[in-house]
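Note that the coordinates shown come from a computational prediction; the quantities given were computed from them, not determined experimentally.
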Amino acid sequence: MAKIKKILVANRGEIALRIMRSAKETGILTVAVFSEADRQALHVRFADEAICIGPPASSQSYLVMDKIISAAHETRADAIHPGYGFLSENEDFARKVEEAGLIFIGPSAQSMEIMGSKLGAKAAVAKFNVPLVPGTAEPVTDPIVAKKIAKEIGYPVLIKASAGGGGKGMRIVQHENELQEQMERAISEATSAFGDGSVFIEKYVSEPRHIEFQIFGDKHGNVVHLFERECSIQRRHQKVVEEAPSSILTPELRKKMGEAAVNAAKAANYYNAGTIEFILDEKMNFYFLEMNTRLQVEHPVTEQITGLDLVKLQIKIAEGEKLPFKQDDLRINGHAIEVRVYAEDPTNHFLPDIGTLKTYKRPQGHGIRVDDGFEQGMSIPFYYDPMIAKMICHDETRERAIEKMIRAIDDYEITGVETTLSFCNFVMHHQAFRSGNFSTKFVEQYFTPESLKAEVTEDEAQIASVLAAELLASAQAHHSGQAVRSTESKWKKNRLINL
Ligand code: ADP
Ligand code: ADP
Ligand code: MG
């Protein structure tokens with residue numbers, strides 16, 4: 001077994017910091033790589049050593065394999081953790097890292113290759129009796145063939161990029177007359193985003209829930225799942241709110257889906273951390289979507305309910321250790337919810353809102369975890385993903401976790417950029433979310449920019465009544481000669497300023 005002594009983290013932002021913290025606690029040294037845009041970034045300051053790998057554009061820095069591997073050699077690191085995004089799901093990178101005599105903290109290049117294309121993944125897991133969304137098993141290029149297939153599947157259908165990720169390269173087609181145009185768009189989007197224009201057709205499940213299973217395997221053939229995460233609150237097919245466990249799974253369904261997830265991982269001889277994504281239809285049928293062969297953005301909700309540090313586990317597995325537990329040893333403890341705080345304007349189609357964090361104050365308290373990569377005064381670089389932070393609340397029950405999240409969102413102070421916090425607040429208050437009866441259509445069905453404005457009006461009303469009461473009290477106190485403590489809290493002042 002090879003003990004790791006120094007890890008180079010081939011990433012930036014919150015995830016780079018999160019990985020380094022676990023390494024440090026394990027007595028492992030850390031190396032940061034950074035682009036010229038990230039010279040002042042927190043991950044650079046946190047690491048034991050840091051190496052600049054090029055200009056801001058990720059194509060010239062965080063995505064350049066040779067520069068990263070050279071940096072590892074230069075600093076005598078013995079392992080590389082890729083985080084998520086960037087090179088994390090690139091099998092060539094995993095291969096090059098191992099060829100360079102370094103440990104890749106993740107699955108094997110072969111597993112990544114099998115699961116890297118959605119079509120390849122579907123073919124592999126089908127052999128292990130994992131249910132698939134009805135659709136094509138091969139890429140489709142000819143619109144006439146596509147029309148025939150779509151007719152068989154039945155509209156609406158979804159055209160998907162086989163190499164897709166991050167919600168890109170996906171087109172819903174409602175009627176046959178839109179098929180050709182949408183297919184051309186999907187192909188061109190897939191070609192420019194992923195360098196691979198292969199697209200395929202899937203039945204569009206109308207109001208599904210996105211339920212994914214965290215799996216973990218070791219290099220000795222053991223695979224377990226660490227329960228599910230519900231990620232149905234999405235915009236642009238991308239997650240904004242995630243929770244564990246899902247409020248809709250029964251213990252029986254959890255067991256069944258968990259077994260399917262473990263089988264899917266076994267189909268790729270998988271080891272280390274991975275996620276099997278499913279959609280669940282209204283009749284509680286589940287279908288495999290894809291596998292993400294890396295640590296997931298939303299992994300903290302799983303950490304909260306299992307009490308495990310997934311990065312430490314990843315390191316142990318990479319060192320060759322066996323999984324320290326069996327499936328039956330694992331239990332769900334309480335409920336965790338994560339909201340992603342993006343620098344985006346929910347009232348303007350969730351478009352990125354890049355700028356400087358004029359005020360940046362994190363909420364605090366029992367059961368609240370904020371994973372971020374920023375401090376007050378820092379700017380959000382326009383070159384990368386506009387995620388500022390992830391906030392995770394953990395409590396005994398879902399209801400309590402929601403209440404805690406509402407309080408934490410309220411205590412989170414960010415000015416200078418618009419963020420998704422107001423949207424997340426809307427979600428936490430919404431009856432559909434609270435009842436647990438919602439789907440990936442949540443945003444489309446319930447959210448309009450006016451919903452946030454309405455909320456401001458409610459705040460206004462509340463503030464107005466507080467101020468009125470205060471004026472009255474003050475007048476009465478004046479009358480009776482007593483001093484009055486101001487009831488206007490900082491929160492209300494902030495809200496007043498924001499109006
Ligand atoms: P997750 O899949 O972990 O729940 P996302 O879908 O938002 O979360 O993806 C995680 C990160 O990886 C994001 O920063 C996203 O932009 C990036 N990403 C995901 N897939 C790809 C891909 N195929 N190519 C490039 N970036 C990707
Ligand atoms: P990505 O690689 O971009 O994450 P996924 O296949 O995981 O692509 O799909 C992303 C999201 O798109 C899912 O979480 C779900 O909301 C939606 N989606 C994907 N496939 C289907 C489908 N067949 N029917 C309905 N919604 C789907
Ligand atoms: Mg996905």
Side-chain angles (χ1 to χ4, degrees), residues 117-123 125-126 130-191 193-194 196-212 230-242 246 248 257 260 264 275-292 349-350 432 437-447:
S117 96
K118 291 190 205 290
L119 279 173
K122 287 174 89 164
V125 306
V130 178
L132 305 179
V133 187
T136 53
E138 302 286 331
V140 193
T141 44
D142 184 346
I144 295 166
V145 176
K147 272 184 192 163
K148 194 166 159 279
I149 295 166
K151 205 167 198 168
E152 279 165 23
I153 298 174
Y155 288 90
V157 296
L158 194 60
I159 302 177
K160 273 182 162 181
S162 185
K168 293 190 198 86
M170 227 179 282
R171 296 266 160 188
I172 303 165
V173 186
Q174 301 286 355
H175 302 288
E176 190 180 280
N177 57 12
E178 302 164 4
L179 186 80
Q180 183 159 350
E181 189 192 334
Q182 295 291 27
M183 196 165 141
E184 281 161 9
R185 285 195 190 169
I187 292 174
S188 100
E189 205 172 299
T191 311
F194 312 111
D196 174 359
S198 311
V199 298
F200 62 101
I201 302 176
E202 230 170 56
K203 170 84 192 151
Y204 183 65
V205 181
S206 63
E207 287 185 31
R209 299 175 73 118
H210 174 117
I211 312 263
E212 59 185 34
E230 158 100 49
C231 314
S232 300
I233 308 288
Q234 309 180 341
R235 46 101 184 76
R236 287 191 293 268
H237 303 297
Q238 271 191 306
K239 305 154 188 167
V240 207
V241 177
E242 300 105 339
S246 163
I248 197 164
M257 290 179 80
T275 296
I276 307 290
E277 296 190 332
F278 295 106
I279 44 177
L280 185 71
D281 71 14
E282 282 156 297
K283 295 187 187 121
M284 305 292 267
N285 297 309
F286 65 91
Y287 309 97
F288 171 84
L289 271 189
E290 64 161 347
M291 178 172 199
N292 292 327
H349 310 281
F350 292 94
N437 182 17
F438 58 94
S439 73
T440 57
K441 282 284 169 62
F442 181 91
V443 170
E444 201 177 303
Q445 284 170 338
Y446 305 117
F447 181 71

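How far SG of Cys231 is from CD1 of Ile279: 13.0 Å, rounded to the nearest 0.5 Å. Note that the CD atom of Gln180 and the CD atom of Gln182 stand 11.5 Å from one another [nearest 0.5 Å]. The structure places CD of Glu242 at 8.5 Å from NE2 of His210, a figure rounded to the nearest 0.5 Å.
Here the closest heavy-atom approach between residue Lys168 and residue Ala193 is recorded as CD-CB, 4.4 Å. Taking every heavy atom of both residues into account, Ala432 and Tyr446 meet most closely at CB-CE1, 3.6 Å. Across all non-hydrogen atoms, the minimal contact from Leu179 to Ala146 is CD2-C, 3.6 Å. Here the shortest heavy-atom pairing between Ala126 and Leu132 reads CB-CD1, 3.9 Å. Of all non-hydrogen atoms in Gly120 and Ser117, the two that sit nearest each other are N-OG, 2.8 Å. Minimum heavy-atom separation, Thr191 to Gly197: OG1-CA, 3.4 Å.
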Task: Working for side-chain contact (heavy atoms from CB on, under 4.5 Å), residues Met291 and Val125 - done: CA-CA 10 Å; Met291 178 172 199; Val125 306; over 6 Å; no
Hey, can you pull the donor-acceptor pairs under 3.5 Å for the side chains in residues 437-444, sequence neighbours left out?
from, atom 1, to, atom 2, distance (Å)
Ser439, OG, Lys441, N, 3.0
Thr440, OG1, Pro208, O, 3.4
Lys441, NZ, Ser206, O, 2.9

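Pro131 meets the side-chain contact (heavy atoms from CB on, under 4.5 Å) test with Phe286; sequence neighbours excluded. In this structure, the side-chain contact (heavy atoms from CB on, under 4.5 Å) partners of Ile153, at least two apart in sequence or on a different chain, are Ile149, Val157, Ile201, Lys203. For Tyr155, the ring pair (Phe, Tyr, Trp, His ring centres under 6.0 Å) test picks out no residue, with sequence neighbours left out. Under the rule for a ring pair (Phe, Tyr, Trp, His ring centres under 6.0 Å), Phe200 has no partner lying at least two apart in sequence or in another chain.
For the pair Ile159 and Arg185, the minimum side-chain heavy-atom distance is 4.5 Å or more. Within the 4.5 Å cutoff, the side chain of Gln445 has heavy atoms near those of the Glu207 side chain. Looking at heavy atoms from C-beta onward, Leu289 lies in side-chain contact with Glu202 at the 4.5 angstrom threshold. Proximity of Ile248 to Ile211: side-chain heavy atoms (C-beta onward) are separated by under 4.5 Å at one or more points. Arg171 has its side chain within reach of Glu189: a pair of non-hydrogen atoms, C-beta onward, lies under 4.5 Å apart.
Note on Glu290 versus Lys160: no salt bridge recorded, every NZ/NE/NH1/NH2 to OD/OE distance being 4.0 Å or above.
Under a 3.5 Å cut-off, the side chain of Arg209 and the backbone N or O of Ser246 do not form any donor-acceptor pair.
Ring geometry for Phe288 versus Phe278: interplanar angle over 60°, hence perpendicular rather than tilted (30 to 60°).
Listed by first then second residue, pairs satisfying salt bridge (Lys or Arg N to Asp or Glu O under 4.0 Å) with a partner in residues 132-149 read Lys148-Glu152, not counting sequence neighbours.
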